[in-house]
Amino acid sequence: MAEDKPWVLISEVGDEGFHEDVVDILKQHFHLICLKEFLKNPVLHGPKIQAMLMWNYRPAAEPSLLSCLPSLKVVANGGVGIDHLDVPYINSLGVKVANTPGVVSDATADMAMALLLASARMVVEGHLISVDSKTTHVPQSLMGVEVTGSTLGIIGMGHIGYKVAQRSKGFNMRILYHNRNRRSVEDEQAVGASYCEKLDDLLNESDFVVLVVNLTPETTGLISHRELSLMKPTATLINVSRGLVVDQDALVKALKSGTIRAAALDVTHPEPLPRDHPLLSLPNVLITPHTGTNTHATIRKMMHLMSTMFISSQSSPAAFKGFTLVMPAVAVGNVGQLAVDLLVSTLNMSRAGYFHTDCLIPMAGNNPYASCKEDAEELHTPAEVYTAAELKLAVLQIRAPIIQTRSKKFRQQLVSWIKASGFSRTVVLSSSHSYQRDDQQLQGTPLRYLITPSLLTASADALKELGWREMERIPAFPGVKDANPEPRLCIPGGGITKGLFTDSCDEDLPLAVLLLFCSEGDNIPDAFALVNHLNNWLHLLDSQSQEPNSKWKVPTSWSLLFGSGIPPALF
Ligand SMILES: O=CC(=O)O
């Protein structure tokens, strides 16, 4: 029911607003109201709006609009740059500001390379000649500059800048960079980049200068007359950051006078430029209309991120309506967590947020699923939520032990979050001490399952087909017939498994437990076994590999796990 969903204000669908192809993602989670509709009756609609999703800087988060939204919790910006938002002011209203970093980096870095290559090799000019009805021959003047082996200067070596460097390495470029902070030696070596403490040195030496900085007071007008005059006359300026980083009047002069060879800009100020702006009529300028993140895959990722960033807000029920949640119990051998690692890594799941709790031992660490040094720098917390929206799958990964005295409270928090989020089922991946098995549990497969009555009906056929064994209840007093005849559930080493299962039965929550009997040690084979069982049920990965484990992608962080041994040099 639309009424269940949080009300969210957007500018419009289509034209300059949200792309029609992705708005379905938002509609799954929100009741959308477009600005035009909203403005017909702000008094009626205003109090219902809990979030505002901005696309192409709109709706503008201006005081006049925000004052009509007394229930607003979040202003979420589609994109990484939030220079158009007055964050302290918005925060002062008790409203959070969110953006979508990370997911835009690849597309933006690709765009920087596209502009660099297109400008260097005169791709647009070539195209125009090729399609011109008057063309009879290819003019010799259509002569580009060599990219391979040239020198690239990256200004702003953040997430996107680093990805530009990674791409440029493939072009055998000499890579210089200037950044507020120098990167680690490992980062530099991985892409072969050299740090230029002085911006002037970078400008002097580069054949291509790429701007990838945030717009701040320090970077406004960063490239002006002086900086352009330091560049080589054969050099090209590429801007994928913000138009205001470049003094456009100075750029026009430099391009006209041959101070630099060319410019390729995905961003200008304003956007679009007035139709009579001199940049538009210069032959050595290539301009795209701020489309750095415009790929279907990237905008879908942005939509998913914008949709799920509300999960920690209690005012956004049913954010995961119809999703399956998979989570580990923190149990013997950490088999559940390892299995969840394989899921997140293989399905390339996006981090949607964190589960806020005071029941886990506080900790923070690097991104366990990093695919490059750059990603590894992200800070990760003990309980995080990942999603693969296409599969309607969410995962809660737990990376820290539960504080012993808070186990019950943790279960309560979990159950209420699971209920509020609208998951259609929850699967807990767990394990139990092999050596404490009851006699009847000794034979056959080490896999067991448990299922709550409210999930049983929906899953009975699947379970029958899978042929799994239900976890046996064991007598409270083995050998004593009369006393306490009711056999009980016993999951030694299973952490919160039993409590969570019992709570879920009481709360009518559709939940299943999949567990393996195992021993502490190198539990990687157990993790593979458990995730393969899960996959046999949920069909998350359909690859028909001969070798069942080879379809899973092992996360980088596993290199720190078992098997590396103690360095012999210690003895
Ligand atoms: O311009 C694009 C962004 O800020 O992500």
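Computed over heavy atoms, backbone and side chain alike; hydrogens, waters and symmetry mates excluded. First listed ligand is number 1; within each ligand, the first listed atom is number 1.
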To the nearest 0.5 angstrom, please state how far the [atom1] atom of [X] sits from the [atom2] atom of [Y].
X: Leu396; Y: Tyr354; atom1: CG; atom2: OH; answer: 13.5 Å
X: Leu391; Y: Met349; atom1: CG; atom2: CE; answer: 7.5 Å
X: His269; Y: Leu215; atom1: NE2; atom2: CG; answer: 9.5 Å

With sequence neighbours excluded, tell me which residues meet ring-ring contact (aromatic ring centres under 6.0 Å, His included) with His19.
His296
Per the under 4.0 Å non-hydrogen criterion, ligand 1 touches Gly79, Val80, Gly81, Arg242, His290
By the salt bridge (Lys or Arg N to Asp or Glu O under 4.0 Å) test, which pairs, at least two apart or in different chains, include something from residues 209-222?
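Residue pairs with at least one partner in residues 209-222: there are none.
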Residues two or more places apart in sequence or in another chain: which of them pass side chain to side chain contact (heavy atoms under 4.5 Å, CB included) with Glu188?
Tyr177, Arg182, Arg183, Tyr195
